[in-house]
Amino acid sequence: MRRQYPFHLIEPRWQQHWEAQETFRAFNPGEPPAAEHPFAVRHGDAAPESLEKYYILDMFPYPSGAGLHVGHPEGYTATDITARYLRMQGRHVLHPMGWDAFGLPAEQYAIKTGQHPRKTTEENVANFKRQIKGLGFSYDWSREVNTTDPNYFRWSQWIFLQLYHSWVNPATGKAESIDTLEFPADITTDEARREYRDDHRLAFVSHAPVNWCPELGTVLANEEVIDGKSEVGGHPVVRRPMRQWMLRITAFAQRLLDDLETIDWSDSLKEMQRNWIGRSEGAEVDFRIQESENSIRVFTTRPDTLWGATYMVLSPEHEWVDELATDAQRAAVEEYREAASRKSDLERTELAKEKTGVFTGAFAINPVNDEPVPIWIADYVLASYGTGAIMAVPAHDARDLEFAQKFELPVRVVVQAPEGESLEPLGFVGDGTSVESGFLNGLPTTEAKAKIIEWLEEKRHGKRTINFKLRDWLFSRQRYWGEPFPIVWRDGHHEAVAESDLPVMPPELDDYKPTTEGDPPLARAADWVTLPDGTTRETNTMPQWAGSCWYYLRFLDSQNTERFVNKAAERYWMGTSWPEIPPDLETWKVKLDDLVAFAFSKRANTRKRLVFGKIDTAQADRLEQVSGLSLAGCLHVLDNYAIRHINKCHGSSDVEKTKGQEAITSKDYQWLPLLISQPDNVEYLGKNKQGLDVIRFSLQINGTLMVLEEVRASSNLLAVKTMYKKKGTASDTAIGAPLFTSENDCLKAMSHIKWPAVKSPALGVDLYVGGTEHAVLHLLYARFWHKVLFDLGHVSTAEPFQRLVNQGIILGEDGQKMSKSRGNVVNPDGVIDEYGADAFRLYEMFMGPLEMMKPWNTKGVEGVYRFLGRVWRLFIDEGSYKDYEQAVTAAPDQAEALLADLKLHPALNDAEPTPDQLKALHACIKKVTDDLDGMRYNTGISALMVFVNEASKWESRPREVLGIFLRLLNPFAPHLAEELAGRLGEVSGNTLAYQPWPEWDDAFLVEDSIEFPVQVNGKLRGHIDITPETSREEIERLALACEKVQQFISEKEVKKVIVVPNRLVNIAVK
RNA sequence: GCGCGAGUGGCGGAAUUGGUAGACGCGCCGGAUUUAGGUUCCGGUCUCGCAAGGGGUGGAGGUUCGAGUCCUCUCUCGCGUACCA
C-alpha cells in the first residue's frame, strides 16, 4: 500500500536525534544542563531546581516473553502527551521508564530449559525496550531501572532492613527504630528480650497457617489469592502452617485509610482500597461460659442487638472448642473440626452455599439478660477475623438467620425497621429503633450502640473496638528469581546482614526447582547457604512486589551507589513547595476567585486546593479542649471538590429555605479565614463513616450563623467538608461569646489576620497512570513502604502518588478481552510497520476517554493515519512527493537522501493571516489546551482534525499559523511535527520539545455576526442574525418577529421570553 | 448479596453552571480525478415523512420556559468484593 507519508524514514531519524541530543533528560538539583541543551536554550541560566517540577510516571512493565501488547502503550502514550505538553508549558518534567523484571515466568522457563532467568530477562527487556523506543516516548533513559540489577535490589534489601530494624510506637502511631522499644519489667533475660523485640519488628517471622500453592511451589499473600486460587495461573491454594517472613502492614491500616482523603485517585479505586483495609467499628463483648469462670469474647458491629443474641458461634479452629465440647457432643465436634481442617479455602468458599455447624453442648450467658445461649461451631465464622467467635443475632443478620433456620434456633426481633422501609422485621439488617432491649428501648440504632457500649465498659463486660480486614503481608516466597533476604540464622535466631555486605547476591544454580525436601531452590546451594562463621542464610526470597514498592524513588537518582536516593533529588522531585499559603488577604481573595472559577470549569476533575490557614498554639489548645485531638500545626485547606459539594448541597436557596438556612454563595468563602481564626464556637462532632474526625466551626455575622465543617484528612490537614448558613445564634455548647455584631466588625477583624509562613503538604508523584489490576496489591504495598520510609525520615512525603489515573482495558476487535486463546491479540509491531508510530499513538488516544474500556478497531487506525497524511500534504508539495516516490522506486537505497528534495507546499507563504484563519487557529489552541489539562486526549485530537480540515481549504497558508499548529500537534504526533517544523524553518534548540506552548487570544474568537437559535417551548424553530452587541430587548424583538417562529406563536399567548446570553432565546407560549 | 461505575446513530464516541443532541473518526451511499483497482478530493448519512412537520439519549414518572445532563422508581451491562460478624 502506498504510504501517506514516509513515516518509516522520519520516525527513526527523530528518535535518533532525541537520543543523541539527550533531549528528554531531566536535571537533578546541582546538575545543570549544558548550554546547548534545548532545556538551557529555553530556560537560560535558571537552575533546573528553580523551575516547577512535574513528575509523571507510568507503571513500569513486567517484560514478558510475549512482548508489548496494545494495552501497554495506551497509558504510556497518555503520559507522554502530557509530559511533552507540560515541557512546552515550561515545567521541568521527569518522565522515566524501567523494568519490573523479577517474576515467575522467567523462573519457570529456567526450570524447563536450564537457561538462567537472568538471560531470559535480559532478552525480554531488550525486546520491550526496542518496542517502547519505537513509539518515540520522551523518556529520560539515563534513569532506567531494572529491579533484578544488583545495584537496584541492593537497595530493596536495604529497605527491608529498615523495616526489620523498626517498630511502630503505639504512642505516636509511627515507625521508629527498634532501639526505642522499651522492655516490660518482667522481661529480664537476653532470650526473652530478643523474643520481645522480634515480636515487635515491622519485618517478623511467623509460623501461622499460610496460603500454600503446591502447583507453584510457593506461598502467596492474601492479595494474590482470588476465590481460593492463585491469581497467577489459577492453581488451588491450601492453608498450611509454615515459617514465613511477614511485614506488619496492619499497624498502618488506619493511616492507609485516612490518607486516601489527601490524594487524587478515582473514587472507585479508593473504594477498593477502603474495602480491602475493611475497617469496622463495633465492640468486643465477653460472654461468661455457664458453670465456668472463663468467658468467650466476641466481636460485633451491632452491640445494640445484644438482646437478640440467641446463640453463639465459634470458628472450628477456636482455641476453646476442645474444652467446651460436652461428652455427648464431643464425637460430633471432633468430626466437624476434622472435616473443616481438611478443606482448602477454595472448598470452604465453594461449599459455602449451605450452612453447616455442630452444637458443642455448652452454653454461655448473655451479659445483658443473663440468659443462657447455646454455643455452636461453624465454618462460616472465620478464625482469622475479630476474635474468631460471634454472637448470633438471627433476626438482624442474614447469615445468622440462614443458620438459625437450618438448625431451628430461636429468632428474636430487637430492632424495629423505620416505617415503610421493611414490612418484614425478620432479617432486617439496617438501622432502626431498638425494641425488647431493656434500657435501649426506643433508641435509634446509632444512639443505642453508644449507650450499650458505655454500659458494657462500665460493667466490664466489653469495650469499643475497631477491626480491620487487612492482614499482615506475607513477604517470603520459595523461589529462585527474587531478591534474597539480607538475613542469616544463628542458633535458630535471625540476624540482619550488615548494610556494608549488601547486596546479598543469589547463588548460581543448575537446577531451579525446589528441593525434594520442599525447601526453596536457594537451599540447593549448600556453599552459599553455609557461612564461615557458622551462620546459615535465609533461603526464601522476596515477592515480586518488593521491587515495585519503591522504584519511583530510585528513578529520582537511579545511579546512586551511596544511598537509595539522593536527599536533595528526592525533596525536589517529590515536591514540597506547592502551593503556598497566600501571603495576605488580598492574594487569598484572588486565589479564592480562581479556585471557585476552577471548581465550575471543565478542568474541575483535577484536584486543586487552597491553603487558608494554620492552627496556632492557642487554637490547638482550644480544639484539644473540645475534641481531645492534638491539632497544632494543622493546615486548613479548601479544594474544588468541596466547593462543588457545598454548592450542590447548600448553594440553592430553594433547598435551604425549608431548613431555615440561606444559600451559600461564592462570596461567603471569603469568611473562611475569619471562621477558623476567630470562631464563636468550636465543636467536635466525632468520627464520620470513614472514621475521620469532624470539627465544626461557627461564627455569627450580623444575625446569620455561618457554619463550617472540616475533617481531619491526615495528620496535618483539616479539609473543608461542608459549609452552610442559618438564622440564629451559636448553640449552647459554645465556648466563648459571639465576637461580632456587624459585618463591619468582621471585616475589621479580617484585616488583622496574620498569615503564617508555611508551605502546604507535599505532593509526591504528580501523575501516575496504570491499570486497575494493581488497585490493592502494588498500590497498597507501595503506600505502606512509603509511610515507613517517611516515618524514618528517608522521604519527605506521607504519600507516594498524589494523583493516579487508571487506564481502561483495550478489548479485541470482537469486543472480547484480548487473549492468545481467542486469537484476537493485536501486535503493535505490525500496526507500526504499516501506519507508523505517530498514527499508532494517535489512535490509542482517539479511541475514547483514557479511563474507559474500549474495543480495538484497525480501521480506526487508518482514520488517524489519513489525518496525518492530510497534515503532511498541508505542508508538502504533492507533486514533489510523487516525484520522490518514483525516484525511490528507481533507487530504493537512496530513500533517505532523496527526502531532501521534497518541496514545501506552494500555498505556504509569509502573508498576514486572515481573521478567519486566526479564528480557526485560536479555537484550536483553546480546545487542545483545555483538553490536555483535563486529559481528554480524544477530543483534543478531534480539534486538531477540525483545524486541518479547515486549513486544507486555504489557498494561502501563512507559515506563522501553520507553525503554531505544529506545536499543538507535537505532543500527539511528535515525529511528524518535528519533521515538518524543521522543514518550515529553523527551530531553536533543534527540537519542538521545549518550544513555548501557544496561548490563545479570545479576541480572535469573537464572531461579527451570529446565527442565534430561537426556541419555542424548548424546541428549535429558527435563527436570527445578531452581533455580540445586540441588546437583550433587540434579541427578544427579533425573535418574536422571526418568520419561522411566527407560525408557532401567532394565535397563542406569549407567556415569557428567556434570553440566554451566548446561547439561545426561548419563547414560552400557552 | 454488598460496593463502585456505565447505558446516546450501523460502530468508537462528542455535547460548559440544565441551553441548537449526534462534534471528530469508522462504516455506508453518491459524485470528481484515474485505463482500472487503490489513493486523494467533494457531497450525503439518527429516524418516520414527498413536504410541512412528527419522534428520538435503556424504561416509567417528576421538576423547569427548556432535561442526555437534576430528582424518584425501575431494567440491563461492566468492574470490584464476597460467610469480614
Side-chain angles (χ1 to χ4, degrees), chain A residues 1-4 226-227 266-272 274-276 278 280 282 298-302 313 348-349 352-353 355 378-382 384-393 397-400 402-403 429 467-470 599-602 604 644 647-648 651-652 654 772 775-776 806 808-809 815 843 846-849 851-864 866-867 869-870 873 878 930 936 938-946 949 952-953 1011-1021 1023 1047 1055-1058 1060-1069:
Chain A
M1 198 173 78
R2 179 176 178 259
R3 284 194 190 87
Q4 295 261 354
I226 293 169
D227 289 340
S266 69
D267 286 337
S268 65
L269 198 73
K270 283 188 186 180
E271 198 59 26
M272 276 189 231
R274 282 192 201 109
N275 288 341
W276 194 262
S280 55
V298 302
F299 174 70
T300 177
T301 54
R302 292 298 298 271
V313 189
R348 247 164 118 149
T349 317
K353 282 153 198 135
K355 291 270 183 297
D379 65 4
Y380 83 90
V381 174
L382 306 177
S384 51
Y385 183 77
T387 60
I390 61 159
M391 62 178 215
V393 185
D397 182 285
R399 296 149 304 176
D400 294 345
E402 199 188 321
F403 191 83
V429 297
N467 254 306
F468 293 93
K469 278 201 272 184
L470 186 70
F600 297 109
S601 76
K602 239 182 159 182
R644 281 194 93 122
N647 188 60
K648 204 173 162 186
S652 145
D654 307 344
T772 340
V776 286
N806 282 125
I809 329 173
Y843 178 64
F846 191 61
M847 276 190 284
E851 297 179 73
M852 206 184 260
M853 176 192 288
K854 55 233 154 196
W856 182 269
N857 176 8
T858 300
K859 280 280 181 195
V861 188
E862 286 179 28
V864 292
R866 274 201 282 271
F867 160 70
R870 283 204 299 281
R873 290 188 292 277
E878 266 196 272
D930 266 0
R936 290 180 298 270
N938 55 331
T939 50
I941 292 168
S942 95
L944 294 171
M945 287 173 166
V946 169
N949 289 345
S952 300
K953 295 176 200 153
E1011 257 203 347
F1012 203 67
V1014 184
Q1015 292 185 339
V1016 178
N1017 281 348
K1019 292 210 167 92
L1020 184 68
R1021 294 305 182 190
H1023 289 95
Q1047 56 179 304
K1055 285 198 329 201
K1056 209 197 262 186
V1057 180
I1058 296 115
V1060 187
N1062 301 320
R1063 287 280 165 205
L1064 47 70
V1065 50
N1066 189 22
I1067 302 165
V1069 297

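Throughout, a chain's letter reflects where its sequence line sits, starting with A, and its residues are numbered from 1.
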Expressed as a whole number of Å, how far does the C1' atom of B/rC70 sit from that of B/rU64? 10 Å

Is it the case that B/rC11 (base atoms only) and A/Lys859 (side chain only) share a donor and an acceptor within less than 3.5 Å, ignoring hydrogens and angles? no

Row check, A/Tyr380 ring normal vs A/Lys355 NZ/CZ: under 6.0 Å, within 45°: yes

Using Watson-Crick or G-U wobble geometry with both distances below 3.5 Å, tell me the partner of B/rC41, or none. B/rG31

With side chain to side chain contact (heavy atoms under 4.5 Å, CB included) as the criterion, how do A/Thr858 and A/Tyr843 come out once you've worked through the C-alpha distance, each side chain's angles and the decisive distance to 0.1 Å? CA-CA 9 Å; A/Thr858 300; A/Tyr843 178 64; over 6 Å; no

Rounded distance in Å between the C1' positions of B/rC29 and B/rU74: 40 Å

Would you mind pulling out the nucleotide paired to B/rU17, Watson-Crick or G-U wobble, both distances under 3.5 Å? none

Nearest-0.5 Å distance that lies between atom CZ in A/Phe299 and atom CD1 in A/Ile390: 12.0 Å

For A/Thr939, the side-chain hydrogen bond (donor to acceptor under 3.5 Å, both in side chains) test, sequence neighbours excluded, returns A/Asp931

B/rA52 pairs with, by Watson-Crick or G-U criteria that keep both distances under 3.5 Å: none

Separation between CZ of A/Arg302 and OG of A/Ser280, rounded to the nearest 0.5 Å: 13.0 Å

So how far is it from A/Lys270 NZ to A/Arg274 CZ, rounded to the nearest 0.5 Å? 6.5 Å

From the candidates B/rC24, B/rA15, B/rC4, the one with an atom nearest any side-chain atom of A/Thr939 is B/rA15

Could you check which of B/rU20, B/rA85, B/rC83 has an atom nearest any side-chain atom of A/Tyr385? B/rA85

Just call it for A/Glu878: base, sugar-phosphate, or nothing, with non-hydrogen atoms closer than 4.0 Å on any strand. nothing

Pick the P atom in B/rG54 and in B/rA21, then give their distance to the nearest Å. 13 Å

Base-pairing mate for B/rG80 - Watson-Crick or G-U, with both contacts under 3.5 Å: B/rC2

In Å, rounded to the nearest 0.5 Å, how long is the span from CG of A/Asn806 to CD of A/Glu851? 7.0 Å

Rounded at 0.5 Å granularity, tell me how far CD1 in A/Ile1058 sits from CZ in A/Arg1063. 15.5 Å

Heavy-atom distance under 4.5 Å between the side chains of A/Asn1066 and A/Val1060, does that happen here? no

Any base atoms under 4.0 Å from A/Ser280, or only sugar-phosphate, or nothing? Heavy atoms, all strands. sugar-phosphate

Which of the following nucleotides, B/rU20, B/rA85, B/rG25, is nearest to the side chain of A/Leu382? B/rA85

For the pair made of CD1 in A/Ile809 and C1' in B/rG80, what is the distance, rounded to whole Å? 12 Å

Partner nucleotide of B/rG7 by Watson-Crick or wobble geometry (both distances under 3.5 Å): B/rC75

A/Arg2 CZ to B/rC41 C1', straight-line distance once rounded to whole Å: 13 Å

Just N and O in the side chain of A/Asn949: are any of them under 4.0 Å from OP1 or OP2 of B/rG25? yes

Residue closer to the 5' end of RNA chain B, A/Ile390 versus A/Met945 (nearest nucleotide): A/Met945

Out of B/rC26, B/rA21, B/rC65, which nucleotide sits closest to the side chain of A/Arg866? B/rC26

Rounded to whole Å, how long is the line connecting atom CD of A/Glu271 with atom C1' of B/rU81? 11 Å

The side chain of A/Leu1020 lies closest to which of these nucleotides: B/rU40, B/rU20, B/rU81? B/rU20

note: A/Lys1019, atom NZ; B/rG53, atom P; distance rounded to Å ~ 13 Å

Would you call B/rG9 syn or anti, using the 90° rule around 0? syn

Nearest-angstrom distance, C1' atom, B/rG61 to B/rC83: 39 Å

A/Lys469 or A/Lys1055: which one's nearest nucleotide on RNA chain B is closer to the 5' end? A/Lys1055

Give me the distance, rounded to whole Å, that separates B/rG58 from B/rC11 when you measure between the P atoms they each carry. 13 Å

Is the distance from OP1 or OP2 of B/rG25 to the nearest side-chain N or O of A/Arg870 less than 4.0 Å? yes

Considering only B/rG13, B/rG25, B/rG19, which nucleotide approaches the side chain of A/Asn1066 most closely? B/rG19

From B/rA23, B/rC26, B/rU39, pick the nucleotide closest to the side chain of A/Asn857? B/rC26

As a test of reading the structure: which of B/rG3, B/rU40, B/rC65 is closest to the side chain of A/Asn275, going by heavy atoms? B/rG3

Between atom CE in A/Met852 and atom P in B/rG7, what is the gap in whole Å? 6 Å

Interatomic distance at C1', B/rG43 relative to B/rG49, whole Å: 23 Å

Taking B/rG13, B/rC24, B/rC65 as options, the one with an atom nearest any side-chain atom of A/Ser942 is B/rC24

note: A/Arg1021, atom CZ; B/rA52, atom C1'; distance rounded to Å ~ 11 Å

Looking at every strand, decide which applies to A/Val1060 at a 4.0 Å heavy-atom threshold: base, sugar-phosphate, or nothing. base

Length of the line joining A/Asn1062:CG and B/rG18:C1', which is rounded to integer Å: 16 Å

Proximal nucleotide (of B/rU40, B/rG12, B/rU81) relative to the A/Trp276 side chain: B/rU81

Write down the partner of B/rG68 under the Watson-Crick or G-U wobble criteria, each distance required to be under 3.5 Å. none

With P as the reference atom in both, quote the distance from B/rA6 to B/rU69 in angstrom, rounded to an integer. 13 Å

Expressed in whole Å, how much space separates the P atoms belonging to B/rU39 and B/rU47? 25 Å

Tell me whether the OP1 or OP2 atom of B/rG13 has a side-chain N or O from A/Arg936 closer than 4.0 Å. no

Within the structure shown, what part of the strands sits under 4.0 Å from A/Asn467 by heavy-atom distance: base, sugar-phosphate, or nothing? nothing

Phosphate-side-chain proximity, A/Arg3 and B/rU39, N/O vs OP1/OP2 below 4.0 Å: no

Atom-to-atom span, CG of A/Asp397 to P of B/rC2 - whole angstrom: 14 Å

